[in-house]
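Quick note on labels: first sequence line is chain A, next is B, and so on, each numbered from 1. The structure presented is a predicted model; accordingly, all values stated were derived computationally and were not measured.
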Protein chains: 4
Amino acid sequence: MLVVMKAQATPEEIQAVCDHIEKLGFRAHPLPGAQRTAIGITGNKGEVDRGNLEELSGVAEVIRVSKPYKLASRDVKEEDTIIHFAGTDATIGGRNLAVVAGPCSIESREQAFAIAEQVAASGAQFFRGGAFKPRTSPYAFQGMGLEALRIMAEIRDRFGLRIVTEALDSETLDLVAEWADVIQIGARNMQNFSLLKKAGKLRKPVLLKRGLSATLEEFLMAAEYVMSEGNYQVILCERGVRTFNDHARNTLDLSIVPAVQRASHLPILVDPSHGTGRRDSVLPMARAAVACGADGVIVEVHHQPEKALSDGPQSIYPAQFAQMMDEIQQIAPVIGRTLPRGIHVGASAQ
Amino acid sequence: MLVVMKAQATPEEIQAVCDHIEKLGFRAHPLPGAQRTAIGITGNKGEVDRGNLEELSGVAEVIRVSKPYKLASRDVKEEDTIIHFAGTDATIGGRNLAVVAGPCSIESREQAFAIAEQVAASGAQFFRGGAFKPRTSPYAFQGMGLEALRIMAEIRDRFGLRIVTEALDSETLDLVAEWADVIQIGARNMQNFSLLKKAGKLRKPVLLKRGLSATLEEFLMAAEYVMSEGNYQVILCERGVRTFNDHARNTLDLSIVPAVQRASHLPILVDPSHGTGRRDSVLPMARAAVACGADGVIVEVHHQPEKALSDGPQSIYPAQFAQMMDEIQQIAPVIGRTLPRGIHVGASAQ
Amino acid sequence: MLVVMKAQATPEEIQAVCDHIEKLGFRAHPLPGAQRTAIGITGNKGEVDRGNLEELSGVAEVIRVSKPYKLASRDVKEEDTIIHFAGTDATIGGRNLAVVAGPCSIESREQAFAIAEQVAASGAQFFRGGAFKPRTSPYAFQGMGLEALRIMAEIRDRFGLRIVTEALDSETLDLVAEWADVIQIGARNMQNFSLLKKAGKLRKPVLLKRGLSATLEEFLMAAEYVMSEGNYQVILCERGVRTFNDHARNTLDLSIVPAVQRASHLPILVDPSHGTGRRDSVLPMARAAVACGADGVIVEVHHQPEKALSDGPQSIYPAQFAQMMDEIQQIAPVIGRTLPRGIHVGASAQ
Amino acid sequence: MLVVMKAQATPEEIQAVCDHIEKLGFRAHPLPGAQRTAIGITGNKGEVDRGNLEELSGVAEVIRVSKPYKLASRDVKEEDTIIHFAGTDATIGGRNLAVVAGPCSIESREQAFAIAEQVAASGAQFFRGGAFKPRTSPYAFQGMGLEALRIMAEIRDRFGLRIVTEALDSETLDLVAEWADVIQIGARNMQNFSLLKKAGKLRKPVLLKRGLSATLEEFLMAAEYVMSEGNYQVILCERGVRTFNDHARNTLDLSIVPAVQRASHLPILVDPSHGTGRRDSVLPMARAAVACGADGVIVEVHHQPEKALSDGPQSIYPAQFAQMMDEIQQIAPVIGRTLPRGIHVGASAQ
């Protein structure tokens, strides 16, 4: 259910409607729009009684939301969600194309800085690096943990890059929320509902990767888990699904980009590195991602991929990253976007 | 790496080898067999130096395990793993066919008892019932929680059925471990590595459901996560994978049963309820599961499926369950199994 | 549209209704049932006018068939289709379990006879062998052609086995129809609509294998292509679909067996050889196929699989085939079937 | 096996090597390159004896081709294959971006001309239209047949567009070869090996659509079937594969574009209409196809899609097609291509 307030509704009226909803045992989600505020109503107590709500002061209309996802739905919020980062022009969503780059895992301060310097110089606005790694084998490198978070915090200070890193569980979620700018929830955890709910209680942007066999609806329902707890800053990310294909590690499903944009107001990034698993397919797929309208890309970059502790074969070289930036910058205007050329802290530092 | 001890090796010699391994920074896993003990060595510190180990007293040979899964591999333990339950003849693995039955969710004491009485009377040895439900929608019924665990504990006392129920995260894991006999890890959590590790620190059997798009190797690696922490009582469960098919909710992949049995010593159950999502396919697939050699089945039973809060369309009626028991009992001898006719507490109570 | 005739309708009345339908530009398909005859109406000229038909003599009622498949639908024919073979007790469909066995390809007279003798002795009623092979590579062995058909005709005479072999195109279709008892249409040709229509013009049973990614509806629509031309003797065959799985060549989808039996009156066999691609999985899956209710199995048997020109790794040895027959014979009664012990020509000849 | 001739080898020397190969019972495929000619050797008679060949006059070296596809492999022909069309600048492959547009089915002369005029005016170089339609249902519209071919021949004369249309079987293959410029082999016939061989005997370009569950290797092996008969003008076409996804009719697998370009010299087009099945996804995916490096696109255009006899929901309007042309023209230079603005016959005719 969605309560659409009148354009001239006062903050007090909005608050009164929210209070009324909460008193009924539901949760109220005020969602300010360009023209007026809508208030999403969620809860698992069955249907709300609409009649009552329509009589409250400042209410324009009450609408039933037929989709299983409510807060994630474009029915509830027509304008695209744009996520801003204080102290920078970078956004995820909107006219800017967001570029997240960095190694699969933080392996050392030297490695992380070497890569960060180069991706910043080429115009990335966000730095990715794994501190806690979800590995198929319990015997594989599991990440440097807190130390990696500290290194990335230094990278933010030094290069102005905003930090994106993955949380695996409640403990690492608290740490990541403390040190990073965007909390990544990995594909294998896309339906780890406890983790999603905990991330929903935070007020940091969440980058939610699509599960290996998640449908569009399941993907949006996972976002809904986060949003239902009050955290509306969710960034979706397509990273390839599992099919019979054997020419690539996964099958990058770019057609979900326009599908998400029809169904939801949330921004969506594309990860061509995991999506293909092959260095020589990353640039073609990054270009394709931008061309089909994605809000940005997240790519793995390593200055010595042959020595990488994880994901070496799909990490591109810094020179390839520079080429990719050049290429997507040319494509961006076709879909009405621009690629902000970074904060140039790295560039000026050279 | 695997250290095979001589048949006549003493407990002290076994202990000394374990101590030596741990001193090297690895983890030692003594795995007693029918003839002699093998000691699995795991850890992510690189390769162990074998030369040294072969000279220790009581050691027969040191073998490199080439598979990525070690403790789960049949190379490391040739005999089938059989999981026993104190105070009952029921086992999972071995000659006995294990049957787990019950509702998707515990909805009330009455509902749970009504179903438990009937499945016990028909010969089920285990009772399943959801206390904490992983639901695609945050607005769907999430389970009765602790109250459901208490009801199931009563069912164990009353009918002699052992209890199988799902844990979703660290908090519910502790509760489930306290109240249930088998901890279920659901398909969506098959690669929730934090949860797997925590379950590995417990000493209760873990029923691990195959992920919706998990390969055989990933499935066994998930088991390896649990085992690498010292909990060797892992039960695998095939519950259907996701494909293009639309005549069933999932595609039940029975061919993984012989494949698991070649690769691993762990028992494997089949869940034809989630595997098909249709009541009228459950019996055919339960028979097929037993015929292809599964160690048992786990099925959803409800006395009023049309009123069930979850999974109604795939829950069979108690009378169908009785028929299923009758049918699989006839098939069991073909593959050298028997179906123990339960503990008959329920039967005698009638 | 389906015209149901009265129980006491005369052959003349039935003929008159058929003539009327054809005059309207549609095709009439009289389908005799146990109680009364139904007449299916097909054609792509749009909807028939029912009013007129209901007034014809002998007509009980006119029913709209809502499924896209008409003649294949159980709505049109409630009783199971049973395919009989003159001069033998063998049937496909009905109480008898049908067993088709033989090599992937006919490689020589000696090879074919050696295998035929052994499968006949173990009770197979049908012999399969490729004369024309659809191979992924143009450079691979393409079959012995007409010579193979002649060898199989001799096998029919010698052992009483009915012959099943594949047709690839119009030319080979004519040859196969002339020499064999059942015309196989392979998985790759399941939607070769020209071939299906041509097979529909013949009056020999057609064994239609499911395509690698065919849905249930597409599978039944392919059968409908054959039936729409007047050949109602279609046998469906599940042979594994393509998924992400890598532990088997294909994913054998046994759950389609009950699904087909709900939707259609046509018999369905299962091919565990192509379904798994592994010798050591064939017996478990053959047992499962029978247990879930399939009308029979089709398996590849070779006396020297290591020397086979095609499909060696999935061909079972004659001794394994004998064991399979023994096992499925025990399972058959559970689902109300019997395994006729062959025609015993082979046995008596020994 | 591949015989690489010396740069200065004479036509007589090349012929002599070919004759020698044919005498050995193999087939010789002279493949002229920019620098020198290579001669592919194919056949299913086992390995050729290389020693002999290296001594022939004009031979530089003899190379074993390890891939299962030979003539389709880039190992055998390094330069991209470019297909030219007499009397026009249009090519498929090379620097030009090829655009094929038109309705799913030819429904009438008026419909076909209305669409052709508009796509020609917007710069398409090729016109597509179904004359013989492979339909899932035998009762659906099967195409206008020869009359459609005649209409398309008129369209070629009127607008200068080259004609692409599908052949279903031997009969329609002969007709299509007579009337059209490019013979399309549909996805369902990708492994109709008889049809592929017959198309290989012709000397018209073949547009080969990827099967719904074809791997890269199977796709190239299908091309190899055509090439092994001497027709080297094969154009590959990605049109979406079948997966669990339900937000699109198929899953467009753009990552096969760079994979094909690494493995093969053949051009590859992308069909975003069948690839997504939704009008509102066609433009995003067409842009993505060009951005990832495809040699062109094939799209369904209809001036009245709501009245189309087939594929209406995925057909774009002429105005959308014009927009698409405008967008891909902007993207083309990023990957070193240009979009020839058609032959402008249509434009000048307006």
Side-chain angles (χ1 to χ4, degrees), chain B residues 210-220 240-263 270 272 275-294 323-324 326-336, chain C residues 210-220 240-263 270 272 275-294 323-324 326-336:
Chain B
R210 183 180 180 192
L212 268 78
S213 56
T215 62
L216 172 61
E217 187 175 307
E218 289 171 341
F219 195 12
L220 293 178
V241 290
R242 185 160 279 177
T243 71
F244 64 88
N245 268 325
D246 55 8
H247 64 267
R249 185 173 165 190
N250 293 297
T251 299
L252 191 66
D253 175 22
L254 290 177
S255 73
I256 206 170
V257 171
V260 157
Q261 291 172 342
R262 283 191 295 268
V270 169
T276 65
R278 294 184 57 117
R279 186 177 305 128
D280 49 12
S281 290
V282 171
L283 265 67
M285 290 300 111
R287 294 191 305 259
V290 172
C292 79
Q323 182 190 339
M324 183 198 91
D326 188 52
E327 291 174 349
I328 64 175
Q329 191 171 27
Q330 294 175 61
I331 295 171
V334 181
I335 37 95
Chain C
R210 182 181 181 193
L212 268 78
S213 55
T215 61
L216 172 60
E217 187 175 307
E218 289 171 340
F219 195 12
L220 292 178
V241 291
R242 185 160 278 177
T243 71
F244 64 88
N245 268 324
D246 56 8
H247 65 268
R249 185 173 164 189
N250 293 297
T251 298
L252 191 67
D253 174 24
L254 290 178
S255 73
I256 205 170
V257 172
V260 158
Q261 292 171 343
R262 283 190 295 267
V270 169
T276 65
R278 296 184 57 117
R279 185 177 304 127
D280 49 13
S281 291
V282 171
L283 266 67
M285 289 302 111
R287 294 191 306 258
V290 172
C292 79
Q323 182 189 338
M324 183 199 92
D326 187 54
E327 291 174 351
I328 65 174
Q329 191 171 26
Q330 294 175 62
I331 295 171
V334 180
I335 36 94

Item to check | Residues forming a side chain to side chain donor-acceptor pair (under 3.5 Å) with C:Ser281, sequence neighbours excluded | outcome: B:Arg262

If I measure from the heavy atoms of chain C, does [X] come under 4.5 Å with its side chain, its backbone, both, or neither?
{"X": "B:Leu254", "result": "both"}
{"X": "B:Val241", "result": "side chain"}
{"X": "B:Pro284", "result": "both"}
{"X": "B:Thr243", "result": "side chain"}
{"X": "B:Ile328", "result": "neither"}
{"X": "B:Ala263", "result": "neither"}

Checklist entry - Quick one: side chain to side chain contact (heavy atoms under 4.5 Å, CB included) partners of C:Gln330, sequence neighbours excluded? => result B:Val334, C:Asp326

Which residue out of [options] racks up the most heavy-atom pairs below 4.5 Å with chain C?
{"options": "B:Thr215, B:Leu216, B:Asp253, B:Leu252", "answer": "B:Asp253"}
{"options": "B:Pro333, B:Ser255, B:Ala289, B:Ala259", "answer": "B:Ser255"}
{"options": "B:Gly293, B:Gly275, B:Ala214", "answer": "B:Ala214"}

Given heavy-atom pairs under 4.5 angstrom as the criterion, report whether the side chain, backbone, both or neither of [X] touches chain B.
{"X": "C:Arg278", "value": "side chain"}
{"X": "C:Ala286", "value": "neither"}
{"X": "C:Ile256", "value": "both"}

Next on the checklist: Let's go through B:Thr276 and B:Asn250 carefully: what are the C-alpha distance in whole Å and the side-chain angles of both, what is the deciding distance for side chain to side chain contact (heavy atoms under 4.5 Å, CB included) to 0.1 Å, and is it a yes or a no?
Outcome noted: CA-CA 6 Å; B:Thr276 65; B:Asn250 293 297; over 6 Å; no

Could you report the tightest heavy-atom contact between [X] and [Y], atom names first, then the distance?
{"X": "B:Met285", "Y": "B:Pro272", "value": "CB-CB, 3.8 Å"}
{"X": "C:Ile335", "Y": "C:Ala291", "value": "CG2-O, 3.7 Å"}
{"X": "C:Thr251", "Y": "C:Asn245", "value": "OG1-ND2, 2.9 Å"}

Item to check | Spatial distance of atom CD1 (B:Ile331) from atom CD (C:Glu327) [nearest 0.5 Å] | outcome: 12.0 Å

Item to check | Distance in Å, C:Glu217 CD paired with B:His247 NE2, rounded so as to fall on 0.5 Å steps | outcome: 13.0 Å

